[in-house]
Asks: 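Right, I'll just put the structure down here and ask away after.
Chain identifiers are assigned alphabetically (A, B, ...) following the order of the sequence lines, protein sequences preceding nucleic acid strands; residue numbering begins at 1 within each chain.
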Amino acid sequence: SAVISQKPSRDICQRGTSLTIQCQVDSQVTMMFWYRQQPGQSLTLIATANQGSEATYESGFVIDKFPISRPNLTFSTLTVSNMSPEDSSIYLCSGGTGVRTDTQYFGPGTRLTVL
Amino acid sequence: GQQVMQIPQYQHVQEGEDFTTYCNSSTTLSNIQWYKQRPGGHPVFLIQLVKSGEVKKQKRLTFQFGEAKKNSSLHITATQTTDVGTYFCAGLQESGTYKYIFGTGTRLKVLA
């Protein structure tokens with residue numbers, strides 16, 4: 001199994017600023033993902049973080065707003081850029097081996113509030 | 001694109017009553033996972049089902065994967081106040097891009 005940590009655990013930010021969230025996995029995982037969970041909602045996949053190349057974004061999410069880096073197999077960052085109150089959410093990263101019968105593990109999430 | 005719906009959206013039960021949530025996918029799944037999220041917490045992995053018709057049990061929880069691998073259910077027997085939270089299923093498509101799509105979730109409240 002993999003243990004995933006995220007920093008920061010929570011933050012309160014001003015409109016128009018940016019926040020970078022870090023995700024660290026304790027073992028090498030092939031796949032890393034970023035999700036957003038708005039209050040009272042389900043989890044929505046933002047993008048797949050690809051090692052050493054541009055992330056693969058889901059419909060409705062763009063690189064300019066959510067730039068993602070993944071310099072190695074155990075670390076990824078998500079930046080929420082030019083924030084507005086609508087970006088207030090929990091942001092979660094997850095990791096897995098990419099084998100279809102394996103489990104996907106989640107980090108504890110970053111609770112972001114934008115004023 | 002793939003959609004995963006859960007019913008009911010909300011369920012209030014008296015402690016000791018049973019509870020079931022149903023998960024339905026628009027496409028055939030390779031596997032399905034279930035998660036529990038307590039209020040203020042993050043999703044915690046409960047179980048994964050892979051085989052058609054598979055049934056797994058964890059104490060009072062019973063998980064089932066449909067024969068067509070497009071639906072699943074979670075049944076809790078004799079609910080307790082510790083069962084409170086939102087239960088999500090997450091499905092992995094049988095083919096194509098490797099990514100889990102989460103269901104809409106069922107929020108369970110247990111009244112003591």
Side-chain angles (χ1 to χ4, degrees), chain A residues 1-10 21 23 25 29-51 55-61 68 88-113, chain B residues 1-10 21 23-25 27-52 54 56 63 65 69 85-109:
Chain A
S1 66
V3 176
I4 301 180
S5 59
Q6 282 185 237
K7 289 196 296 187
S9 59
R10 58 178 63 227
I21 302 168
C23 177
V25 187
V29 293
T30 305
M31 314 291 292
M32 289 184 76
F33 305 91
W34 287 96
Y35 289 84
R36 179 175 75 180
Q37 186 177 31
Q38 296 187 302
Q41 302 296 313
S42 181
L43 287 78
T44 301
L45 181 62
I46 297 173
T48 302
N50 300 309
Q51 184 199 357
T56 305
Y57 289 85
E58 297 298 308
S59 175
F61 297 96
I68 289 170
S88 297
S89 286
I90 298 174
Y91 292 86
L92 301 106
C93 72
S94 72
T97 63
V99 175
R100 289 181 180 270
T101 52
D102 282 355
T103 302
Q104 177 176 229
Y105 297 95
F106 278 87
T110 295
R111 187 178 296 269
L112 171 63
T113 302
Chain B
Q2 181 190 6
Q3 290 186 321
V4 182
M5 305 296 292
Q6 281 182 252
I7 54 170
Q9 187 176 5
Y10 301 98
T21 172
C23 174
N24 296 290
S25 169
T27 60
T28 304
L29 301 172
S30 174
N31 70 58
I32 195 157
Q33 298 179 349
W34 284 92
Y35 292 82
K36 177 183 178 181
Q37 185 173 23
R38 292 181 185 274
H42 65 276
V44 174
F45 174 80
L46 293 176
I47 208 158
Q48 176 170 286
L49 304 170
V50 178
K51 299 177 184 175
S52 168
E54 188 171 14
K56 287 189 176 180
F63 303 84
F65 201 9
K69 300 184 76 173
T86 303
Y87 293 85
F88 293 101
C89 62
L92 179 66
Q93 289 184 115
E94 194 164 52
S95 60
T97 310
Y98 179 96
K99 58 182 179 181
Y100 280 89
I101 303 299
F102 274 74
T104 47
T106 296
R107 186 176 301 175
L108 173 64
K109 277 195 172 181

Asks: Which heavy atom in His42(B) sits nearest to a heavy atom in Leu92(A), and how many Å separate them?
Replies: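 His42(B) and Leu92(A) have their closest heavy atoms at CB-CD2, 3.8 Å.
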Asks: Please evaluate residues Phe88(B) and Gln37(A) with respect to the criterion side-chain contact (heavy atoms from CB on, under 4.5 Å), reporting the C-alpha separation (whole Å), side-chain torsions for both, the decisive distance (0.1 Å), and the verdict.
Replies: CA-CA 12 Å; Phe88(B) 293 101; Gln37(A) 186 177 31; 3.6 Å; yes
Asks: Counting N and O atoms only, with roles assigned by atom type, does the side chain of Ser42(A) sit under 3.5 Å from a partner on the main chain of Gly103(B), one being a donor and the other an acceptor?
Replies: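 Yes, because the side chain of Ser42(A) sits within donor-acceptor range (under 3.5 Å) of the backbone of Gly103(B).
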Asks: Which region of Gln37(B), side chain (C-beta onward) or backbone (N, CA, C, O), has a non-hydrogen atom less than 4.5 Å from a non-hydrogen atom of chain A, or is it both or neither?
Replies: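 Side chain only.
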Asks: How about Phe102(B) and Phe33(A): are their ring centroids closer than 6.0 Å?
Replies: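 So the answer is no for these two rings.
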Asks: Using non-hydrogen atoms and a 4.5 Å limit, figure out which bit of Thr86(B) sits close to chain A: side chain, backbone, both or neither.
Replies: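 No part of Thr86(B) comes within 4.5 Å of chain A.
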Asks: Looking at Thr103(A), Leu45(A), Thr56(A), which has the largest count of heavy-atom pairs under 4.5 Å with chain B?
Replies: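 That would be Thr103(A).
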Asks: Chain A heavy atoms under 4.5 Å from Phe45(B): which part of the residue, side chain, backbone, both or neither?
Replies: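 Side chain only.
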Asks: Sequence neighbours excluded, which residues qualify as side chain to side chain donor-acceptor pair (under 3.5 Å) partners of Ser52(B)?
Replies: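 Counting only residues at least two positions away or on another chain, Ser52(B) forms a side chain to side chain donor-acceptor pair (under 3.5 Å) with Glu67(B).
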Asks: Output every pair passing side chain to side chain donor-acceptor pair (under 3.5 Å) with a member in residues 99-108 of chain B, not counting sequence neighbours, ordered by first then second residue.
Replies: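 Of all non-adjacent pairs touching residues 99-108 of chain B, those that pass side chain to side chain donor-acceptor pair (under 3.5 Å) are Glu58(A)-Lys99(B), Thr21(B)-Thr106(B), Asn31(B)-Tyr100(B), Gln33(B)-Tyr100(B).
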